[in-house]
K.L.:
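I have a structure I would like to understand better, so I am pasting it below and will then ask my questions one at a time.
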Protein chains: 2
Amino acid sequence: MKNGDTPETTRSLTLRDVSEASGVSEMTVSRVLRNRGDVSKETRKKVLDAAKRLGYVPNKIAGALASKRVNLVAVVIPSMSNMVFPEVMSSISAELEDTELQPVVGLTNYVPEQEEKVLYEMLSWRPSGVIVAGLEHTEASRAMLRNAGIPVVEIMDVDGEPIDTAVGISHRRAGRMMAQAILKAGYEHIGFLGTKMPLDHRARKRFEGFTEALAKAGCEIEDQEFYSGGSALKKGREMTQAMLERSPDLDFLYFSNDMIGAGGLLYLREQGIDIPGQIGLAGFNGVELLDGLPQQLATMDACRTEIGAIAARIIADRTSGQESEYGKRVELTPKIQYGETLKR
Amino acid sequence: MKNGDTPETTRSLTLRDVSEASGVSEMTVSRVLRNRGDVSKETRKKVLDAAKRLGYVPNKIAGALASKRVNLVAVVIPSMSNMVFPEVMSSISAELEDTELQPVVGLTNYVPEQEEKVLYEMLSWRPSGVIVAGLEHTEASRAMLRNAGIPVVEIMDVDGEPIDTAVGISHRRAGRMMAQAILKAGYEHIGFLGTKMPLDHRARKRFEGFTEALAKAGCEIEDQEFYSGGSALKKGREMTQAMLERSPDLDFLYFSNDMIGAGGLLYLREQGIDIPGQIGLAGFNGVELLDGLPQQLATMDACRTEIGAIAARIIADRTSGQESEYGKRVELTPKIQYGETLKR
DNA sequence: GCATGGTATGTTAACGCTAACAGATAATCC
DNA sequence: GGATTATCTGTTAGCGTTAACATACCATGC
């Protein structure tokens with residue numbers, strides 16, 4: 001504090017204060033507080049009492065510098081508003097729970113330059129590992145991660161060349177699978193609704209896989225629309241209405257995420273349209289929210305819980321020097337959930 | 001790395017490496033990299049070139065220890081799955097954007113002991129300030145925060161005694177306001193549906209304010225139900241169904257959050273019930289999602305964007321030694337949004 | 001009685017950086 | 001021309017902790 005508005009200028013406590021208060025050396029205090037090395041019962045108690053009485057909080061900055069160990073894992077993801085990422089975070093946290101490691105998040109908003117900045121920022125804290133969403137990064141980011149000398153796990157996607165280790169699903173394949181399921185169900189006039197996100201490579205890959213599989217069956221997307229910003233549920237509604245007014249012959253709508261899919265679903269039901277008979281619907285992600293909709297939306301699980309858990313495990317294993325049971329590329333298989341909006 | 005599985009044991013680069021590579025002292029390198037003090041154009045260029053070529057990333061641990069400045073703001077909130085908190089986070093991030101400060105999140109899951117642990121953990125990194133949700137903490141937590149010698153802002157709630165500064169709304173008052181609006185609209189048989197969260201003090205205070213205002217008007221909650229876990233949308237649906245089967249005379253349902261409110265809304269519409277004529281509904285929070293529902297749910301904005309922004313501003317101001325324009329207690333006023341589920 | 005070995009504590013020197021001060025050089029003034 | 005100032009760069013001494021080693025003490029064995 002610059003201004004002395006608090007009565008006592010609260011100089012932060014150090015080991016020395018505790019050491020003086022308990023009559024032992026700083027080193028002994030340090031040992032007690034970290035449960036390291038042998039310390040007699042009585043000294044231990046003396047020290048703990050003093051520390052508690054003073055309200056001592058160790059200084060990890062100094063500790064980290066001296067020990068060259070920082071028990072932080074940098075987790076770099078595009079956003080928190082996508083539902084998917086908070087869930088990945090939860091499973092990472094859960095998996096790290098009984099290790100010494102702690103996740104720290106950084107957000108990129110899908111902007112590669114911001115990712116680069118965030119990575120630089122986080123690496124400057126010398127974390128024990130990095131978990132980063134996606135395989136697409138600036139050259140500088142890749143160089144930083146390579147040079148960091150710590151485990152790096154790229155998550156969510158496996159369509160590409162990982163820097164170190166990748167854990168995820170193939171979004172191309174996910175797109176193909178959904179296309180095949182739709183065609184197999186007999187739908188023929190397919191519309192696509194998604195986010196306007198040139199930088200969301202996973203959405204792009206799903207779209208590519210989707211159109212590719214359609215093409216292979218001699219079919220093409222007949223209409224498409226992209227949005228950005230605003231309430232996804234509302235956008236789903238509006239885009240569905242707009243698309244059907246424009247292309248009334250469509251018999252299937254593939255949404256790039258569940259939220260806009262839910263909006264579309266609500267809209268179509270209000271219009272009295274028979275789902276999945278007259279029009280079929282599918283989304284992507286398998287968000288929990290879907291459980292409460294009037295009809296269960298067809299979707300595809302992106303395996304985000306497993307992804308988070310495995311990524312965290314890999315970091316934890318490698319940090320503790322163990323051989324990880326996972327290889328350099330862990331591909332999980334998304335499963336279609338047919339729900340009630342896709343004929344079988 | 002314990003195991004030498006990488007060819008060159010990537011010893012982390014230091015200022016010394018850059019200094020040697022560019023032929024100037026470490027101090028000058030440090031100055032260039034931080035844009036501090038006068039450095040000639042040519043030296044600056046030499047240093048930046050060398051740093052870039054080597055891929056040097058400064059060590060903030062050492063920097064923070066030496067300068068006793070850590071540009072982090074600890075943000076301690078209950079969870080990320082509540083929608084509300086990610087939004088508060090965003091507005092904090094946005095407000096800190098053009099300062100040197102960076103937010104770092106810690107989660108408590110509404111458990112006071114976990115909050116204590118998280119605070120201890122975060123304070124051991126010596127952040128420049130703390131933003132923490134709620135006014136209820138363990139005595140140890142309060143002591144830690146008091147002794148930390150840094151600005152502490154408690155957010156979301158103002159019903160209580162802040163440690164340092166509080167920014168939020170009065171949830172008691174919010175509950176009262178909603179009760180008054182409901183009564184004024186002529187509803188008389190009111191049911192309450194909420195989360196089973198003995199530790200969610202804000203939900204509790206809203207409930208207290210709500211019942212208090214009803215009591216003052218000689219009215220009482222006629223039925224109530226609490227849930228925990230699972231898809232909120234689905235739970236809203238199920239609880240609404242259960243409650244109406246049990247208490248068919250109810251003419252208003254007050255939900256403790258918008259998500260279960262949305263579930264109730266969808267259910268009642270499917271049952272062909274006239275909203276808000278036959279039954280009125282209201283939630284709490286004003287989440288964006290509501291925008292896409294078939295009918296706009298009545299709700300009350302918790303001012304979370306402003307709260308985040310103001311809290312961040314207070315920390316930023318105080319950190320830079322400025323006199324903050326805000327006092328020790330900033331109470332914002334939630335506004336009822338009547339939507340289409342509450343008669344006027 | 002002296003080596004042997006554990007247990008409990010202390011001492012010293014980093015860790016990589018920055019604050020504070022101390023030069024060195026060149027430019028400016030009266 | 002010497003003092004004054006501005007501009008640039010270097011030197012030294014920590015920041016608060018921990019690793020690694022050193023020491024002191026007591027017990028045990030033969």
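Throughout, a chain's letter reflects where its sequence line sits, starting with A, and its residues are numbered from 1.
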K.L.:
Measure the distance from CG on B:D38 to P on C:dT25 and round it to the nearest whole Å.
P.N.:
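Atom CG in B:D38 sits about 18 Å away from atom P in C:dT25.
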
K.L.:
When the distance from CG of B:L15 to P of C:dA19 is rounded to whole Å, what number comes out?
P.N.:
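The distance from CG of B:L15 to P of C:dA19 comes to 12 Å, rounded to the nearest Å.
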
K.L.:
B:M27 CE to D:dC8 C1': how many Å, rounded?
P.N.:
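B:M27 atom CE is separated from D:dC8 atom C1' by 13 Å.
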
K.L.:
Hey, does B:L107 have a side-chain heavy atom less than 4.5 Å from the side chain of B:V118?
P.N.:
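Not touching, per the 4.5 Å side-chain cut-off.
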
K.L.:
What nucleotide, of C:dG10, D:dT17, D:dG10, holds the atom closest to the side chain of B:T28?
P.N.:
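Minimum distance to the B:T28 side chain belongs to D:dG10.
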
K.L.:
For B:Y56 and C:dC17, give me the distance from atom OH to atom P, rounded to whole Å.
P.N.:
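The distance from OH of B:Y56 to P of C:dC17 comes to 3 Å, rounded to the nearest Å.
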
K.L.:
Could one point to a donor on the side chain of B:R126 or the base of D:dG16 with an acceptor on the other under 3.5 Å away?
P.N.:
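Such a pair does not exist between side chain and base.
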
K.L.:
Where the side chain of A:S67 is defined as all heavy atoms beyond and including C-beta, which of C:dC17, D:dT18, C:dA20 is the nearest nucleotide?
P.N.:
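For A:S67, the side-chain atoms sit closest to D:dT18.
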
K.L.:
Using atom NZ of B:K41 as one end and atom C1' of D:dT7 as the other, report the distance to the nearest whole Å.
P.N.:
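Rounded to whole Å, this separation is 15 Å.
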
K.L.:
Output the rounded distance in Å from CG (A:L54) to C1' (D:dG16).
P.N.:
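From A:L54 CG to D:dG16 C1': 16 Å.
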
K.L.:
Look at atom CD of A:E100 and say whether more than 12 heavy atoms of other residues, nucleotides or ligands are closer to it than 6.0 Å.
P.N.:
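Count not over threshold, so no.
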
K.L.:
For B:D157 and B:D159, indicate whether the former's side chain and the latter's backbone hold a donor-acceptor pair under 3.5 Å.
P.N.:
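A pair under 3.5 Å: yes.
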
K.L.:
Hey, which of these two, A:N59 or B:E26, hits DNA chain D nearer its 5' end, going by closest nucleotide?
P.N.:
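Nearest-nucleotide comparison on DNA chain D picks B:E26.
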
K.L.:
Can you check whether B:S25 has a side-chain N or O nearer than 4.0 Å to OP1 or OP2 of D:dG10?
P.N.:
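For B:S25, the contact criterion (side-chain N or O under 4.0 Å from OP1 or OP2 of D:dG10) is met.
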
K.L.:
When you measure from the side chain of B:R34, which nucleotide among D:dT9, C:dA8, C:dA19 comes out closest?
P.N.:
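Selected nucleotide (nearest to the side chain): C:dA19.
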
K.L.:
Rounded to whole angstroms, how far apart are CG on A:L13 and C1' on D:dT17?
P.N.:
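It is 15 Å, rounded to the nearest whole Å.
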
K.L.:
Report the nucleotide, chosen from C:dC17, D:dT9, D:dG16, that has the shortest atom-to-atom distance to any side-chain atom of B:R31.
P.N.:
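Per side-chain heavy atoms of B:R31, the pick is D:dT9.
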
K.L.:
So, is A:K68 near the phosphate of C:dG16, with a side-chain N or O under 4.0 Å from OP1 or OP2?
P.N.:
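Affirmative; the distance criterion is met.
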
K.L.:
With respect to the phosphate group of D:dC15, does any side-chain polar atom (N or O) of B:R69 fall under 4.0 Å of OP1 or OP2?
P.N.:
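For D:dC15, neither OP1 nor OP2 has a side-chain N or O of B:R69 closer than 4.0 Å.
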
K.L.:
What nucleotide among C:dC17, D:dT18, D:dT9 has an atom nearest to a side-chain atom of B:T43?
P.N.:
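Side chain of B:T43 sits closest to D:dT9.
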
K.L.:
Want to settle it: does B:R36 or B:L65 sit nearer the 5' end of DNA chain C, counting the closest nucleotide to each?
P.N.:
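The residue closer to the strand's 5' end, by nearest nucleotide, is B:L65.
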
K.L.:
Any heavy-atom pair between the side chains of B:I61 and B:W125 that's under 4.5 Å?
P.N.:
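Heavy-atom side-chain distance check passes, below 4.5 Å.
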
K.L.:
Sort out for me which residue in B:R329, B:R318, B:R142, B:R146 forms a salt bridge (Lys or Arg N to Asp or Glu O under 4.0 Å) with B:D164.
P.N.:
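Filter result, single survivor: B:R318.
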
K.L.:
What's the closest nucleotide to the B:A66 side chain, out of C:dT9, D:dT9, C:dT18?
P.N.:
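The nucleotide sitting nearest to the side chain is C:dT18.
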
K.L.:
How many Å lie between CG on A:N71 and P on D:dT18, as a whole number?
P.N.:
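From A:N71 CG to D:dT18 P: 12 Å.
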
K.L.:
Which nucleotide sits closest to the side chain of A:S40: D:dT17, D:dT9, C:dT9?
P.N.:
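Ranking D:dT17, D:dT9, C:dT9 by closest atom to the A:S40 side chain puts C:dT9 first.
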
K.L.:
Under 3.5 Å, is there a donor-acceptor pair between the side chain of B:S91 and the main chain of B:T305?
P.N.:
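Indeed, once roles are kept as given, a pair shorter than 3.5 Å links the two residues.
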
